[in-house]
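These notes concern the structure reproduced below.
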Amino acid sequence: MASPPQLQALLQTVNTLLRKRRYHAVLALLKGFRNGAVYGVKIRAPHALVMTFLFRSGSLQEKLQAILKATYTHSRNLACFVFIYKSLCALQSHVQGETHQMHSFLAAFIGGLLVFRKNNNINSQINMYLTSRVLFALCRLGVEKGYIPKLRWDLFPLHTAVIWGLVLWLFEYHRSTLQPSLQSSMTYLYEDSNVWHDISDFLIFNKSRPSK
């Protein structure tokens with residue numbers, strides 16, 4: 001079915017506008033906001049769905065509301081951060097007439113302070129995800145720049161052993177220091193597996209269902 005002439009004309013006008021270089025900077029901000037919102041949904045929705053139905057108690061409506069709220073918060077925050085970051089980078093480049101590495105850091109610093117400053121579960125998870133990636137990247141950068149000597153043997157097995165040793169030690173003796181979602185996961189794996197009553201909660205269910 002062919003589109004109405006008015007719609008075709010509108011689409012052609014919009015496409016012409018999108019191709020104009022003079023509007024590229026502003027349009028890049030809008031698409032950055034769009035991509036941040038979409039990516040936030042893609043990342044948070046599956047995670048919230050799994051974690052909510054695995055570990056959260058309550059009615060189906062309460063669980064769905066929790067999933068929607070977490071997804072909306074993650075999507076909104078990421079969209080706003082991308083918009084602020086790209087805006088500040090463009091502004092600094094425009095003012096100074098050229099782009100510097102410090103522009104990226106300052107723009108992200110301000111954006112992070114404005115968007116992710118509230119200490120909640122969503123922001124905490126995002127920050128901890130980034131922390132591990134940043135530490136790995138800084139170590140690799142240090143090796144590339146010659147600040148850290150390149151080892152002749154693979155450090156990954158030792159790193160793995162230390163991390164797993166520390167996280168289980170923290171879980172067993174300093175549990176409150178771990179993030180709630182990690183506590184829930186480790187409780188399911190290492191504590192709930194110690195308790196059962198019959199075949200139903202040994203193989204089928206994690207915990208026995210209350211008798212009616």
Side-chain angles (χ1 to χ4, degrees), residues 7-48 68-156 158-160 162-163 166 179 181-182:
L7 180 58
Q8 292 182 358
L10 177 61
L11 290 176
Q12 185 175 0
T13 301
V14 171
N15 288 333
T16 301
L17 177 67
L18 292 175
R19 295 189 186 102
K20 289 188 176 181
R21 297 298 302 175
R22 60 185 299 185
Y23 302 123
H24 183 269
V26 174
L27 294 173
L29 302 182
L30 296 178
K31 185 167 184 182
F33 183 89
R34 175 263 181 199
N35 283 9
V38 172
Y39 190 77
V41 172
K42 288 183 177 181
I43 292 297
R44 179 55 54 177
H47 178 271
L68 290 175
K69 182 179 179 181
T71 302
Y72 169 76
T73 301
H74 193 143
S75 178
R76 178 200 63 197
N77 287 359
L78 196 55
C80 291
F81 176 82
V82 173
F83 185 86
I84 293 172
Y85 171 76
K86 291 175 73 69
S87 298
L88 293 178
C89 282
L91 178 62
Q92 292 177 98
S93 297
H94 177 74
V95 171
Q96 294 193 333
E98 55 184 346
T99 300
H100 299 283
Q101 292 189 26
M102 186 56 66
H103 292 174
S104 179
F105 176 83
L106 290 176
F109 181 90
I110 295 173
L113 195 62
L114 292 174
V115 177
F116 296 110
R117 64 186 300 168
K118 187 175 181 180
N119 188 1
N120 55 40
N121 290 338
I122 303 297
N123 291 345
S124 179
Q125 289 171 1
I126 294 173
N127 287 341
M128 282 192 286
Y129 173 89
L130 291 177
T131 298
S132 61
R133 270 63 179 177
V134 168
L135 291 176
F136 263 89
L138 288 176
C139 289
R140 289 170 178 158
L141 181 61
V143 172
E144 290 179 6
K145 298 295 185 179
Y147 303 133
I148 301 176
K150 187 174 182 179
L151 299 178
R152 297 181 180 179
W153 49 282
D154 187 6
L155 189 62
F156 189 80
L158 178 60
H159 166 262
T160 299
V162 170
I163 291 298
L166 286 174
Q179 189 190 24
S181 62
L182 181 56

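Bear in mind the structure is a predicted one, so any value in this text is a computation, not a measurement. In what follows, residues are counted from 1 in the order of the sequence shown.
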### Query
Out of curiosity, His94 NE2 to Gln92 CD, how far, rounded to the nearest 0.5 Å?
12.5 Å
### Task
With the side chain counted from C-beta on, respond yes when Leu30 and Leu27 share a heavy-atom pair under 4.5 Å apart, and no when they do not.
yes
### Summary
The reported gap from CG in Leu141 to CZ in Phe136 (rounded to nearest 0.5 angstrom) is 15.0 Å
### Query
Can you name the nearest heavy-atom pair linking Leu88 to Ala107, along with the distance?
CB-CB, 3.6 Å
### Message
Rounded to the nearest 0.5 Å, what separates atom CD1 in Ile122 from atom CZ in Arg44?
### Response
3.5 Å
### Message
Show the nearest heavy-atom pair for residues Ser104 and Cys89, with the distance to one decimal.
### Response
CA-SG, 4.1 Å
### Task
Compare every heavy atom of Ile84 with every heavy atom of Gly111, then report the nearest pair and how far apart it is.
CA-CG2, 3.9 Å
### Side chain proximity check, Ile126 to His74, heavy atoms < 4.5 angstrom
yes
### Query
Using 30° and 60° as the class limits, which term best fits the ring planes of Phe33 and Phe83: parallel, tilted or perpendicular?
perpendicular
#### Entry: Closest approach of Ala108 to Tyr85 (non-hydrogen atoms, all atoms of both residues)
N-CD1, 3.6 Å
### Task
Using a cut-off of 6.0 Å, state whether more than 12 heavy atoms not belonging to His100 lie near its atom NE2.
yes
### Summary
Closest non-hydrogen atoms of Tyr39 and Leu78, given as atom of the first, atom of the second and distance, are CD2-CD2, 3.6 Å
### Message
Please check this pair: side chain of Ser75 against backbone of Thr71, looking for a donor-acceptor N/O pair closer than 3.5 Å.
### Response
no
### Query
Do the non-hydrogen side-chain atoms of Leu158 and Trp153 ever get within less than 4.5 Å of each other?
yes
### Query
So do the side chains of Asn123 and Asn77 get within less than 4.5 Å of each other, counting heavy atoms only?
yes
### Message
For the CG atom of Asp154 and the OG1 atom of Thr160, what is their distance to the nearest 0.5 Å?
### Response
8.5 Å
### Task
Determine yes or no for a side-chain-to-main-chain donor-acceptor pair under 3.5 angstrom, with Gln12 supplying the side chain and Gln8 the backbone.
no
## Note on the structure
Heavy-atom closest pair (Val82 atom, Gly36 atom, distance to 0.1 Å) is CG2-CA, 4.3 Å
### Message
Are Lys69 and Tyr72 packed together at the side-chain level, in the sense that at least one heavy-atom pair is separated by less than 4.5 angstrom?
### Response
no
### Query
Taking atom CG of Leu10 and atom CG of Asn15, what is their separation to the nearest 0.5 Å?
9.5 Å
### Query
Atom CD of Gln125 and atom CG of Asn121: how far apart are they, to the nearest 0.5 Å?
6.0 Å
